[in-house]
Peer 1: 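Quick one: the structure is below, and I'll ask about it shortly.
Here is the naming used below: chain letters follow the sequence lines, and residue numbers restart at 1 for every chain.
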2 protein chains.
Amino acid sequence: MGDTERIVQQMSEKGLRITDQRRTLVKLFADASGYLLPKDVYDHMQRTYPGLSFDTVYRNLRVLLDLGIIEQIVFEEGVKFKLHCDESHHHHHMICLHCEKTLPIRSCPMPEMDVPGGFQIVKHRFEVYGYCSDCRDAAEHAAAEENGRP
Amino acid sequence: MGDTERIVQQMSEKGLRITDQRRTLVKLFADASGYLLPKDVYDHMQRTYPGLSFDTVYRNLRVLLDLGIIEQIVFEEGVKFKLHCDESHHHHHMICLHCEKTLPIRSCPMPEMDVPGGFQIVKHRFEVYGYCSDCRDAAEHAAAEENGRP
DNA sequence: ATGATTGCAAATCTTTTGCAGGCCA
DNA sequence: TGGCCTGCAAAAGATTTGCAATCAT
């Protein structure tokens, strides 16, 4: 069974109605490799459902969020969503600045950190940004073109 | 010369007019130990300038931001501002969840990190959240009271 | 005197909410 | 059928902008 159907079933068991729209939304996240803005979600969904309204997108994002199916992170560009990570292994992410694909980083810096004394640690945030191997070449070509080399 | 006057002079040299309001705003950041929301700034300033309008706060925050006097970070609760850090030493922060005071962490985890191959690193974000020594006791007392012990 | 700064009002943008009709189970 | 979902409209919160009056230099 694919990720989409598994999640849809999980939603059904919680008593939620499975509409075509919700199925498409789940599939969008199941297939996406990176973070999505509400606007990204709306734009994608709107192709299939021309009458779609923005508030329904927000409402369904909240539903998926409350069920723990997706997670929310605040970036400079705004709030973004992605499929919830498997939490069985604590990990962090590399995030591609071009395609927003994320790659896990298995090691966590916290154990090695020398934090100021007397501070009671509750949580931490660690993210690395850059260009993934797929996008690095594209970025270099773009930069070269800006400098006049076609 | 205090931080406030030094910054004000720096603004004056850029051709900016020094109003009482701007001087107070600079002093607010020079004295603050943590991050401030635009609303925090407004509330503080509004005590001294009852006629203050929100747009002026935003405008002056942007002025200070463009001059590099303050810096902006996006948190869950929204965009916050603080006096710009001395960048001569790359460092990260511990941020108190109660009073929002920040303490520097001198060591940076990046050199030790084993990042997925082929990724071209551009920047990273690392923050540790918890309770500072001043607030830890207060937090414990509050938790104890919630459990019925006055 | 001149131009930057401010307050006011209104416009944007993002996100949320009330309501009535439509659809899933 | 019953109640959840949806679209519409409007509200709410955050931030920006145009304009005329005011203030720093």
Peer 1: Using only atom types and a distance under 3.5 Å, with no angle test, would you say the side chain of His91(B) pairs donor to acceptor with the backbone of His89(B)?
Peer 2: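 Confirmed, His91(B) side chain pairs with His89(B) backbone.
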Peer 1: Do the side chain of Arg22(A) and the main chain of Arg17(A) share a donor and acceptor less than 3.5 angstrom apart?
Peer 2: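 It does hold such a pair.
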Peer 1: Under 4.5 Å between side-chain heavy atoms, hopping through other hydrophobics if needed: is there a path connecting Phe75(A) to Leu37(A)?
Peer 2: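 No, Phe75(A) does not connect to Leu37(A) through the hydrophobic network.
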Peer 1: Nearest whole Å is fine: how far is dG7(D) P from Asp20(A) CG?
Peer 2: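 Spelled out: CG on Asp20(A) to P on dG7(D) is 12 Å.
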Peer 1: Can you find a side chain N or O atom of Arg59(A) that sits less than 4.0 Å from OP1 or OP2 on dT6(D)?
Peer 2: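 Result: no.
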Peer 1: Over how many whole Å does the gap from Asp66(A) atom CG to dC4(D) atom C1' extend?
Peer 2: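 Roughly 16 Å, once rounded to whole Å.
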Peer 1: Rounded to whole Å, how long is the line connecting atom CZ of Arg62(A) with atom C1' of dT6(D)?
Peer 2: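 The answer, rounded to whole Å, is 17 Å.
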Peer 1: Could you verify whether a donor N or O on one side chain and an acceptor N or O on the other, from Thr24(B) and Tyr49(B), lie under 3.5 Å apart?
Peer 2: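 Tyr49(B) and Thr24(B) do have a side-chain donor-acceptor pair below 3.5 Å.
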Peer 1: Could you state the atom-to-atom distance from NZ of Lys14(B) to P of dT25(D) in whole Å?
Peer 2: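 Taking atom P of dT25(D) as the reference, NZ of Lys14(B) is at 17 Å.
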Peer 1: Rounded to the Å, how far apart are Arg22(B) CZ and dA24(D) P?
Peer 2: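 Roughly 11 Å, once rounded to whole Å.
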Peer 1: Should we count CZ of Arg62(B) as having more than 12 external heavy atoms under 6.0 Å?
Peer 2: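 Counting neighbours around CZ of Arg62(B), 12 or fewer heavy atoms of other residues, nucleotides or ligands fall under 6.0 Å, so no.
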Peer 1: May I ask you to evaluate whether Gln21(A) reaches the phosphate of dG7(D), defined as a side-chain N or O under 4.0 Å from OP1 or OP2?
Peer 2: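 Answer yes for this pair, as a side-chain N or O of Gln21(A) is under 4.0 Å from OP1 or OP2.
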Peer 1: Rounded off to whole Å, could you give me the CE-to-P distance for the Met11(B) and dA24(D) pair?
Peer 2: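 Between P of dA24(D) and CE of Met11(B): 14 Å.
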Peer 1: Check each residue of residues 40-58 of chain B for a non-hydrogen atom within less than 4.0 Å of any atom in DNA chain C, then write out the ones that pass by number, or none.
Peer 2: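 Close to the strand are Gly51(B), Leu52(B), Ser53(B), Asp55(B), Thr56(B).
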Peer 1: Please indicate whether Lys82(B) has more than 12 foreign heavy atoms, meaning atoms of other residues, nucleotides or ligands, lying under 6.0 Å from its NZ.
Peer 2: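 More than 12 heavy atoms, drawn from other residues, nucleotides or ligands, come within 6.0 Å of this atom.
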Peer 1: Enumerate the residues from residues 68-83 of chain B whose closest heavy atom to DNA chain C is under 4.0 Å, giving them by residue number; use none for an empty result.
Peer 2: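 Nucleic-acid contacts, sorted: none.
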Peer 1: I need the CG-C1' distance between Leu61(B) and dT6(C), as an integer number of Å.
Peer 2: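 The answer, rounded to whole Å, is 15 Å.
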Peer 1: Can you measure Glu13(B) atom CD to dT25(D) atom P for me and round it to whole angstrom units?
Peer 2: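 Whole-Å distance recorded here is 13 Å.
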Peer 1: Report the nucleotide, chosen from dA4(C), dC4(D), dG7(D), that has the shortest atom-to-atom distance to any side-chain atom of Arg17(B).
Peer 2: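 Within the option list, the nearest is dA4(C).
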Peer 1: Do the side chains of Asp43(A) and Arg47(A) get close enough for a salt bridge, i.e. N-O under 4.0 angstrom?
Peer 2: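 Not counted as a salt bridge, because no side-chain N and carboxylate O are separated by less than 4.0 Å.
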Peer 1: Run the side-chain hydrogen bond (donor to acceptor under 3.5 Å, both in side chains) check on His124(A) and His92(B) step by step: do they pass?
Peer 2: CA-CA 11 Å; His124(A) 60 283; His92(B) 297 282; over 6 Å; no
Peer 1: According to a strict under-4.0 Å criterion, is Thr19(A) in side-chain N/O contact with OP1 or OP2 of dT6(D)?
Peer 2: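 Indeed, a polar side-chain atom of Thr19(A) lies that close.
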Peer 1: Does Gly15(A) or Pro38(B) map to a spot on DNA chain D nearer the 5' end, using the closest nucleotide for each?
Peer 2: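 Its nearest nucleotide being more 5', the pick is Gly15(A).
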Peer 1: Are Leu83(A) and Val63(A) linked, directly or through intermediate hydrophobic residues, by side-chain heavy-atom contacts shorter than 4.5 Å (ILVMFWY only)?
Peer 2: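 Yes, because Val63(A) and Leu83(A) connect within a single hydrophobic cluster, where side-chain heavy atoms sit under 4.5 Å apart.
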Peer 1: Please figure out whether Leu16(B) or Ile18(A) has its closest DNA chain C nucleotide nearer the 5' end.
Peer 2: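 Final value for this comparison: Leu16(B).
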